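Notes to accompany the following structure.
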Amino acid sequence: MAPPDAGAARPRGRGGYWLYLLPSLVLFLAIIVVPFLMNVATSFTRWSGVGTPTWIGLDNYTKLFEDERFWASFQHNVALIVAMAVVPTVVGLVLAAALFDYIARRFGARTASALRAAFYLPQVLPVAVAGVVWGWMLHPSYGAVNQIFGLKVNWLGDPDLALATVMAIMVWFQLGYPVVIFMAGLQRVDPSLYEAAEIDGASWWRRFWHITIPQIRPEIFVVLLTCTIAALKVFGPIFVLTRGGPGSATMVPSYFSYLNFFQKVNVGYGSAIATVLALIIVVVTFLFLRVQDRDQERDS
């Protein structure tokens, strides 16, 4: 009796995997794809949220690209990318390397783990709680920061200081994430590389530059990508700390969209802002992935 054709059975086996992917696909369509398409459709209308939308074509986008507040909000977003992606990645990389290659070896793994948990603690705190506490600490009259240093500075109320203050808070809030990711990545690095480099007389900085960074480049790409996306769509901290003010000093696109949606009841214009922001995030993600692919191809 001839054995069954293995090649004929294989497609049926592969087809069974789609049954496991189907629930996720349905949720993806229902939660992401359909609302996004509805948002895009709404962006071509004038609508207050009730009644029948009025089709106006590209008027919202024409108004958007002529809106100085929109472009200013993206400038603030670039500053927050520095505060939430660039600075935490650089500082987190140095801290993770120090905890892994210095603290853990000289003071024990428990000490390094405790410090890692301390850096990560702000990520665990709810954004609303952290924002309210920082608002108390930076209050111009009774805030702890002014009281300790004998200052009378309105940190979040001064247009010249508000954005820099929010950036500093976001560095504190975001720093723990890169530290945890990088320390996890360092676990797969062969310890003999550090030992051999130390025996050869390499300083900590040279070990960091020539061993740590090259070995965890995939984690660096992941952290930069996820933190950049988080900075582009940041909303909670702005809402809790400044509401985009004073004036428009800390306005970002996500809060600008919310402002038009719920306060100005200009749903069509808010949808246009959200659509442009979503497209920018998609483009940035694509560029990051292309750069990562090229980096991997060069190494291979």
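On a predicted model such as this, the values are computed, not experimentally measured, just so you know.
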What's the shortest heavy-atom distance between Gly245 and Ala162, and which atoms?
O-CB, 4.3 Å
Would Val40 and Val282 show up in the same hydrophobic cluster when neighbours are defined by side-chain heavy atoms closer than 4.5 Å?
no
Shortest non-hydrogen contact from Asn154 toward Gly157:
OD1-N, 3.1 Å
What's the separation between atom OG in Ser141 and atom CD in Gln147, rounded to the nearest 0.5 Å?
9.0 Å
Tell me the ring pair (Phe, Tyr, Trp, His ring centres under 6.0 Å) pairs involving residues 151-181, sequence neighbours left out?
Trp134-Trp172
Check the hydrophobic clustering (I, L, V, M, F, W, Y; side-chain heavy atoms under 4.5 Å; chains of links allowed) and say if Val124 and Val127 are grouped together.
no
Applying a strict under-4.5 Å side-chain criterion to I, L, V, M, F, W and Y, I'd like to know whether Ile229 and Phe221 cluster together.
no
Tell me whether the rings of Phe256 and Phe70 are parallel (<30°), tilted (30 to 60°) or perpendicular (>60°).
tilted
Tell me if the CD atom of Glu68 is crowded by more than 12 foreign heavy atoms within 6.0 Å.
no
What pairs with Arg105 under salt bridge (Lys or Arg N to Asp or Glu O under 4.0 Å), at least two apart in sequence or on another chain?
Asp101, Glu198
Interatomic distance, CG@Leu241 vs OG1@Thr165, rounded to 0.5 Å, equals 9.5 Å
The reported gap from CG in Asn260 to CG in Leu64 (rounded to nearest 0.5 angstrom) is 9.0 Å
Other ILVMFWY residues reachable from Leu287 by side-chain steps of under 4.5 Å
Val283, Phe286
Using the ring of each side chain (for Trp, its six-membered ring), is Tyr61 parallel, tilted or perpendicular to Phe44, with breaks at 30° and 60°?
tilted
Minimum heavy-atom distance between Ser271 and Thr42, given as atom pair plus value
OG-CG2, 3.5 Å
Worked verdict on Tyr194 versus Val189 for side-chain contact (heavy atoms from CB on, under 4.5 Å):
CA-CA 9 Å; Tyr194 290 100; Val189 179; 3.7 Å; yes
Distance-minimising heavy-atom pair for Gly185 and Glu219:
CA-OE2, 3.6 Å
Do any N or O atoms from the side chain of Ser257 and from the backbone of Ser254 form a donor-acceptor pair under 3.5 angstrom?
no
If two hydrophobic side chains count as joined below 4.5 Å and joins carry through other members, does Ile56 share a cluster with Val267?
no
Any Thr212 side-chain heavy atom under 4.5 Å of Phe100 side chain:
no
Using modelled atom types and a 3.5 Å cut-off, is there a donor and acceptor pairing between side-chain atoms of Asp67 and backbone atoms of Arg69?
yes
CH2/Trp55: more than 12 non-hydrogen atoms of other groups inside 6.0 Å
yes
Which atoms form the tightest heavy-atom contact between Val240 and Val132, and what is the distance?
CG1-N, 3.7 Å
Let's go through Leu156 and Val166 carefully: what are the C-alpha distance in whole Å and the side-chain angles of both, what is the deciding distance for side-chain contact (heavy atoms from CB on, under 4.5 Å) to 0.1 Å, and is it a yes or a no?
CA-CA 8 Å; Leu156 295 172; Val166 172; 4.2 Å; yes
Would Lys63 count as a cation-pi partner of Tyr269, with NZ or CZ less than 6.0 Å from the six-membered ring centre and within 45° of the ring normal?
yes
So, do Leu138 and Ile169 sit near enough that their side-chain heavy atoms are less than 4.5 Å apart?
yes
Taking the side chain as everything from C-beta on, heavy atoms only, tell me whether Arg116 gets closer than 4.5 Å to Ile103.
no
Between CG on residue Leu225 and CD1 on residue Ile281, distance to nearest 0.5 Å
10.5 Å
Look at the rings of Trp205 and Trp209 and say which category their plane angle falls in: under 30° parallel, 30 to 60° tilted, over 60° perpendicular.
parallel
On the 0 to 90° scale, with breaks at 30° and 60°, tag the Phe239-Phe235 ring pair as parallel, tilted or perpendicular.
parallel
Out of curiosity, Leu175 CG to Met84 CE, how far, rounded to the nearest 0.5 Å?
12.5 Å
Is the shortest heavy-atom distance from the side chain of Arg46 to the side chain of Pro53 under 4.5 Å?
no
If we only count heavy atoms from C-beta on, is the Pro140 to Val153 side-chain gap below 4.5 Å?
no
Decide yes or no on side-chain contact (heavy atoms from CB on, under 4.5 Å) for Met183 and Leu99, but give the supporting numbers first.
CA-CA 8 Å; Met183 287 195 71; Leu99 291 173; 3.6 Å; yes
Ile181 versus Ile220: any side-chain heavy-atom pair under 4.5 Å?
no
Quick check on the hydrophobic clustering: are Leu186 and Tyr120 connected, directly or via other members, by side-chain heavy-atom contacts under 4.5 Å?
no
Arg294 atom CZ, over 12 foreign heavy atoms within 6.0 Å:
no
Is there a side-chain contact between Gln174 and Gln123, using heavy atoms and a 4.5 Å cut-off?
yes
Answer yes or no: does atom CZ of Arg110 have more than 12 heavy-atom neighbours from other residues, nucleotides or ligands under 6.0 Å?
no
Taking atom CZ of Arg188 and atom CD1 of Ile216, what is their separation to the nearest 0.5 Å?
7.5 Å
Judged by atom type as modelled, is there a donor-acceptor pair below 3.5 Å linking the side chain of Asn60 to the main-chain atoms of Ala272?
no
Keeping His76 on the side-chain end and Met251 on the backbone end, is there a donor-acceptor pair under 3.5 Å?
yes
Write down the atom of Ala30, the atom of Pro35, and the distance for their closest heavy-atom approach.
O-CD, 3.3 Å
Between Phe36 and Val33, is a side-chain contact (heavy atoms from CB on, under 4.5 Å) present by the stated rule, with each step listed?
CA-CA 5 Å; Phe36 176 72; Val33 176; 5.9 Å; no
Determine whether the aromatic ring centres of residues Phe261 and Tyr258 are separated by less than 6.0 angstrom.
no
Any non-hydrogen side-chain atom of Thr54 less than 4.5 Å from a side-chain atom of Trp47?
no
